[in-house]
*Asks:* 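This is the structure, below, for whatever I ask next.
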Protein chains: 4
Amino acid sequence: MTASATLRSRRRPVQRRAQQTVEAILDAVIRILKRDGFEAVTTNHIAEVAGVSIGSLYQYFPDKRAIFAALHRRHVGEIDRGIQTALIENAAASLEDLVRALVDAMIDAHTSDPGLHELLMTEVPHRADDTQEFAVRLHGAFRLAIAARTGELMNVRDLDTAAFVVAHMVDALCHGAALRRPPNLGLAAAKREIANAVLAYLRATPAQAA
Amino acid sequence: MTASATLRSRRRPVQRRAQQTVEAILDAVIRILKRDGFEAVTTNHIAEVAGVSIGSLYQYFPDKRAIFAALHRRHVGEIDRGIQTALIENAAASLEDLVRALVDAMIDAHTSDPGLHELLMTEVPHRADDTQEFAVRLHGAFRLAIAARTGELMNVRDLDTAAFVVAHMVDALCHGAALRRPPNLGLAAAKREIANAVLAYLRATPAQAA
Amino acid sequence: MTASATLRSRRRPVQRRAQQTVEAILDAVIRILKRDGFEAVTTNHIAEVAGVSIGSLYQYFPDKRAIFAALHRRHVGEIDRGIQTALIENAAASLEDLVRALVDAMIDAHTSDPGLHELLMTEVPHRADDTQEFAVRLHGAFRLAIAARTGELMNVRDLDTAAFVVAHMVDALCHGAALRRPPNLGLAAAKREIANAVLAYLRATPAQAA
Amino acid sequence: MTASATLRSRRRPVQRRAQQTVEAILDAVIRILKRDGFEAVTTNHIAEVAGVSIGSLYQYFPDKRAIFAALHRRHVGEIDRGIQTALIENAAASLEDLVRALVDAMIDAHTSDPGLHELLMTEVPHRADDTQEFAVRLHGAFRLAIAARTGELMNVRDLDTAAFVVAHMVDALCHGAALRRPPNLGLAAAKREIANAVLAYLRATPAQAA
DNA sequence: CATGAATGAGTGTTCATTCAT
DNA sequence: AATGAATGAACACTCATTCAT
């Protein structure tokens, strides 16, 4: 393990530098976005802020859109990592604990840099895929979580519907809580409230047939 | 009456034509957005598709951003109208009926042209205000609705928190239901499910103190 | 005389109004020029400031350049009137008195609205003719004045050369005196100095042959 | 020596090329101005005539006005150089020689490309500073010249007034001589005549007090 | 590989001018 | 005549992208 890591880091100093450059470029986009808005995000400006020549920038990205795509991939990846961790660590936990852990992970992801998520979602163009992919993962996470606890959740009739509702609730509420929660609602209280809302939904008596 | 009508009709044609032109321009933006994406939305192209000269376009809008702002205002206004109507018509109704009516209004607004909402939100630049204003109205609507029914909702401790949660739930779930609901979930069923989720949250026993 | 004047003013109220409109337009150009500079002088803006519709403006002037030409004609005409008056009133006067009268007329023309002359000369495009015409008239005035006093001016060898020198001196010095004379030089003193300079030149011993 | 030359020559080519590009752009403006008039002076046209891409043009000048400013600076600088040289070379010469040298310099500056001066002054927009600066320098030159020869010029009462008069005379007469001198007045004769006029003024008995 | 000068298609916007009312 | 909404050619300027060094 140690050996291979050493070998890898010795063999690929180039790749490490490349990775640093890519990171610098993505960070530059965020910096510019925050400071001057999307209109100021030009490739030349990105390169300048990243401390890279415009020529180098084009060595790492085929065009401007690829930069945005990478930025979204990185961002979604970060949130996803938190979710996956919560999912694994609470594989055997109660539904309540799992939900709380997932809400925790989501809010943490949003509060480490509040506004960044919204910035990326509303200002940086992205293929529907980029966001979809994330929604699908969240959906999948909850689908698994619910499926594994059908004993506890006898009122859940349709797994997909429940996962759909819960995923959307968690996404919107965590995002909203990080950015726009009412002044008298603390972050910890918000987490509890969101988890409670989710649990209330999952435990409620199903709707009458249509 | 006749006199005032005559007077009005002498002045109106101009105003009506102006309004038509404005509508044509906003519609053109949507058309281009759908067909060719945001990059194709140039002022000259808008004017062409709207059947208006570029000069006329600039007689109605001071610059490109003003067109986007107007587009957002129109869109939010349309949704808002549905919500306000539901709110008024169900002022004296039960909580359940009111929630169902509001969910109905929201989903209808999203399904008349599914994707338009998302298109505008993700692709057309807008000041935070434009969206915020709408979120605030939805929040206010639910705040009123809940406040008027505290007898029925003894478990709601904090009005703002409840309104916050419900507004975000409804917004995200209705939007999601219109665009991404699971295949086995019909629109009518989705409406019921969303309303049920909201009611389950509102009726649930509040969280224990931390 | 009175009768014909009355008749004329009754018969041509239209022409009088037309003249007023033209004046309003030319004045508007000057107003805009002073307030906002040449870039702000657009036909639409001129019409607005003049209190005339853009359509009417084009009834009086075939295009934008015609407005500038008329403005220059009016301005040159005003200065020219003063010069001609001085010339006629001092037809029989001494050279010294005539020169003083001409300098007086020139400076008065420039000081009634100091800066206007320069504004028109440097900012408003004009055919070479427009200015030339004026220079030629000044040249002509001095040519006549000198020619009529060759007895007094035995040192003047070439009439055209003398008129050329004097016309340029008077033009430049009067213009300069109105706008940029040194702080310790009053207007009256400037007039004397300019006249003296002109007279000194005219009375001086001619240059040795080349 | 060789080392520094090598060092310099490694950096210079870029600077030299840049300077050449700037010159090409300014020359292009003049070419277009002469051939097609000011209205044809568009940035795209300038770039085309200069043999440069429009993008490069904007790498050297922030906007169109900056091009005009540079053009004026270059032009004024050229004339100024001649004046300063004449001033230095004749620092110890007689007043007459100095005046003749200055008139010589001015006329030479105007005759190398007759019409260019007028073209720039009447057609190319320029801040008052650009021209003023030059007038001030000419004024200063004559002020020094006169101040250093008060022994010869006992009739000069006020230095500033004399410098003012002489500077304006020389400027206007040299400019006029280059462009509009009467047909029977050769350039050499014009020079003599202008110098004589200046000397006549400076040597004349001052005006009686008012 | 890195650089950054150079490119030029394409953008938002203006404004002189027209013409139906 | 007078109006002013409408027109659209033309402009100043930007910026994603290339490529010679």
Side-chain angles (χ1 to χ4, degrees), chain A residues 13-14 17-18 21 39-48 51-68, chain B residues 10 13-15 17-18 21 39-48 50-68, chain C residues 13-15 17-18 21 39-48 50-68, chain D residues 10 13-15 17-18 21 39-48 50-68:
Chain A
V14 181
R17 233 178 91 72
T21 303
E39 300 212 334
V41 181
T42 68
T43 49
N44 283 287
H45 197 182
I46 293 170
E48 187 192 321
V52 179
S53 76
I54 180 66
S56 289
L57 184 148
Y58 274 89
Q59 211 118 33
Y60 291 104
F61 296 98
D63 57 26
K64 202 188 183 187
R65 281 183 1 199
I67 301 174
F68 294 153
Chain B
R10 240 213 280 278
V14 178
Q15 286 186 19
R17 234 176 97 72
T21 303
E39 299 217 332
V41 181
T42 69
T43 49
N44 282 288
H45 197 181
I46 294 170
E48 187 191 317
V52 177
S53 76
I54 181 66
S56 289
L57 184 148
Y58 275 91
Q59 218 140 27
Y60 290 104
F61 296 98
D63 57 24
K64 201 187 184 187
R65 279 181 8 196
I67 301 175
F68 294 153
Chain C
V14 181
Q15 281 195 9
R17 234 179 91 73
T21 302
E39 299 213 336
V41 181
T42 69
T43 50
N44 283 288
H45 197 182
I46 293 170
E48 187 193 321
V52 179
S53 75
I54 181 67
S56 289
L57 185 147
Y58 274 90
Q59 211 118 35
Y60 292 104
F61 296 99
D63 58 24
K64 201 186 182 189
R65 280 183 2 199
I67 302 175
F68 294 153
Chain D
R10 240 215 279 278
V14 179
Q15 287 187 19
R17 235 177 94 72
T21 303
E39 299 216 332
V41 181
T42 69
T43 50
N44 282 289
H45 197 180
I46 294 170
E48 188 190 317
V52 177
S53 76
I54 180 65
S56 287
L57 183 147
Y58 275 91
Q59 218 141 27
Y60 290 104
F61 295 99
D63 57 25
K64 201 186 182 187
R65 279 182 5 198
I67 302 175
F68 294 153

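All figures in this text were calculated on a predicted structure; none of them were measured in a lab. Each chain gets a letter, A, B and so on, in the order its sequence line appears, and its residues count up from 1.
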*Asks:* Who is the Watson-Crick or G-U wobble partner of F:dA12, with both distances under 3.5 Å?
*Replies:* E:dT11
*Asks:* Using only side-chain N and O atoms of A:S56, determine if any of them is under 4.0 Å from OP1 or OP2 of E:dT3.
*Replies:* yes
*Asks:* Measure CD/D:E48 against C1'/E:dT7 and give the value in whole Å, please.
*Replies:* 15 Å
*Asks:* I need the NE2-C1' distance between B:H45 and E:dA9, as an integer number of Å.
*Replies:* 17 Å
*Asks:* Could you work out which one of F:dG8, F:dT14, F:dA2 sits closest to the side chain of C:S53?
*Replies:* F:dA2
*Asks:* Nearest to the C:K64 side chain among F:dA2, F:dT7, E:dT17, which nucleotide is it?
*Replies:* E:dT17
*Asks:* Calculate, to the nearest 0.5 Å, the distance between atoms CD1 and CD1 belonging to D:I54 and D:I46 respectively.
*Replies:* 8.0 Å
*Asks:* Over all heavy atoms of both residues, which pair between D:K64 and D:T43 is shortest? Give the atoms and the distance, please.
*Replies:* CG-CG2, 3.7 Å
*Asks:* Between F:dA10 atom C1' and D:E39 atom CD, what is the distance in whole Å?
*Replies:* 12 Å
*Asks:* Has the side chain of C:D63 got a donor or acceptor atom that lies under 3.5 Å from a matching backbone atom of C:A66?
*Replies:* yes
*Asks:* Separation of D:Y60 atom OH from E:dA5 atom C1', in whole Å?
*Replies:* 7 Å
*Asks:* Phosphate oxygens OP1/OP2 of E:dA16: is one of them under 4.0 Å from a side-chain N or O of C:T43?
*Replies:* yes
*Asks:* Distance check needed: F:dT14 C1' versus D:N44 CG, whole Å only.
*Replies:* 12 Å
*Asks:* With a cut-off of less than 4.0 Å, is there a side-chain N or O of D:R17 near OP1 or OP2 of E:dA6?
*Replies:* yes
*Asks:* In whole Å, I'd like the distance from the CZ atom of A:R65 to the P atom of F:dC15.
*Replies:* 19 Å
*Asks:* What nucleotide among E:dG12, F:dG4, F:dT7 has an atom nearest to a side-chain atom of C:I54?
*Replies:* F:dG4
*Asks:* Rounded to the nearest 0.5 Å, how far does OG of D:S53 lie from CD of D:Q59?
*Replies:* 8.0 Å
*Asks:* Just how far, in rounded Å, is C1' of F:dA5 from OH of B:Y58?
*Replies:* 18 Å
*Asks:* Please pick, from E:dA5, F:dA9, E:dA2, the nucleotide with the shortest atom-to-atom distance to any side-chain atom of D:Q59.
*Replies:* E:dA5
*Asks:* Whole-Å distance between E:dA16 P and C:I46 CD1?
*Replies:* 7 Å
*Asks:* Both distances under 3.5 Å, Watson-Crick or G-U wobble: report the partner of E:dT21, or none.
*Replies:* F:dA2
*Asks:* Heavy-atom nearest nucleotide on DNA chain E for C:P62 versus D:G55: which residue maps closer to 5'?
*Replies:* D:G55
*Asks:* Is there a side-chain contact between A:V41 and A:I67 (heavy atoms, below 4.5 Å)?
*Replies:* no
*Asks:* Using a 4.0 Å heavy-atom cut-off, does C:D63 contact any base of the nucleic acid, only the sugar-phosphate backbone, or nothing at all?
*Replies:* sugar-phosphate
